[in-house]
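Please read the structure below before turning to the comments.
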Amino acid sequence: MMRIFVIATAAAFVPLAALAQPCPGNPQALGTERALEVDANATPRVGRKQFPSTLPLNDKELVLTFDDGPWPTTTPKVLDALKHECVQATFFLLGRNVEAHLAIARRELAEGHSLGHHTFSHPLLSHMPLAKAEAEINRGITADEYALYGQRRSDPTIPFFRFPGFVSSPALLGYLQDRGIVVFGTDVWASDWLPMTPDQELHLILSRIDRVGRGIVLLHDTKAQTARMLPAFLRELKRRGYRIVHVVPPGRRRILN
Ligand SMILES: [Zn+2]
């Protein structure tokens with residue numbers, strides 16, 4: 001019994017740098033610096049654009065997040081770019097897109113990304129009765145869980161959620177906190193819902209990241225301009241000395257790495 005305890009303790013304190021693996025086929029890869037366990041008890045809401053505080057990140061550490069997918073014309077290109085750079089990201093899934101594009105969602109899972117939830121069909125949840133909003137959240141989680149893990153359940157494997165349009169309410173924030181689900185806002189975004197060229201988007205997001213210096217980055221894997229600028233974006237993050245942090249649920253660090 002004591003022996004098992006000692007082994008488990010030692011494993012839990014493996015230095016994070018030791019987790020980094022060489023990136024196959026790309027010695028210059030940006031890579032993933034470390035995994036960060038995010039627990040609703042310690043940080044129920046993160047992202048300074050919406051909330052008072054964000055993740056405990058060091059200077060020049062970024063968490064990359066992608067919303068609204070999976071989408072067949074763009075998400076595979078995003079996954080290719082991330083894989084080439086050995087970057088682990090977080091996708092906030094729409095249940096209806098997961099149901100329609102199962103293979104892409106399963107590829108995200110197989111490639112080690114964290115999969116959070118973003119409702120079933122992207123309504124603005126504060127604009128409907130509370131019970132209906134809760135049902136929409138759970139319909140999304142259930143669709144995602146069934147597609148990814150084969151179980152119809154509204155208790156999420158990865159308890160991360162992002163509100164469509166960042167439109168929340170105190171009641172819904174309390175509901176998610178009571179369930180131990182972390183609400184992700186963001187610290188910086190690319191405004192990639194607006195039409196612009198990939199080059200314009202690249203310069204806009206880099207200038208905003210340089211201004212905040214660290215934090216959660218919001219992109220949309222459903223946007224062609226984002227998919228197209230991503231390879232250059234990741235190379236430029238490396239050149240500017242940024243490092244990528246992969247957010248994972250408590251106790252999952254060694255499983256996901
Ligand atoms: Zn969205």
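It should be emphasised that the depicted structure is a prediction, and the values quoted were computed from it without experimental measurement. The analysis underlying the following values was restricted to heavy atoms, covering all of them including side chains, and did not include hydrogens, waters or symmetry mates. In each ligand, atom 1 is the first atom listed, and ligand 1 is the first ligand listed.
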Contacts of type ring pair (Phe, Tyr, Trp, His ring centres under 6.0 Å), residue H101, not counting sequence neighbours: W71

Are the aromatic rings of F184 and F92 close, with centres under 6.0 Å apart? yes

Disulfide bond (SG atoms under 2.5 Å apart): which pairs involve residues 123-173, sequence neighbours left out? none

When the side chains of residues 134-143 are checked against the rest of the protein, which donor-acceptor pairs come out under 3.5 Å, sequence neighbours left out?
unit_1: E136; atom_1: OE2; unit_2: F120; atom_2: N; d: 2.8
unit_1: E136; atom_1: OE2; unit_2: S121; atom_2: N; d: 2.7
unit_1: E136; atom_1: OE2; unit_2: S121; atom_2: OG; d: 3.3
unit_1: N138; atom_1: OD1; unit_2: R179; atom_2: NH1; d: 2.6
unit_1: N138; atom_1: OD1; unit_2: R179; atom_2: NH2; d: 3.4
unit_1: N138; atom_1: ND2; unit_2: E134; atom_2: O; d: 3.1
unit_1: N138; atom_1: ND2; unit_2: Y175; atom_2: OH; d: 2.9
unit_1: T142; atom_1: OG1; unit_2: N138; atom_2: O; d: 2.7

Side chain to side chain contact (heavy atoms under 4.5 Å, CB included) between L62 and R243: does it pass, once the steps are laid out? CA-CA 6 Å; L62 301 174; R243 300 177 308 281; over 6 Å; no

E111/K83 salt bridge by N-O under 4.0 Å criterion: yes

Report, as a single number, the protein N, O or S atoms less than 2.8 Å from the Zn ion (ligand 1). 3

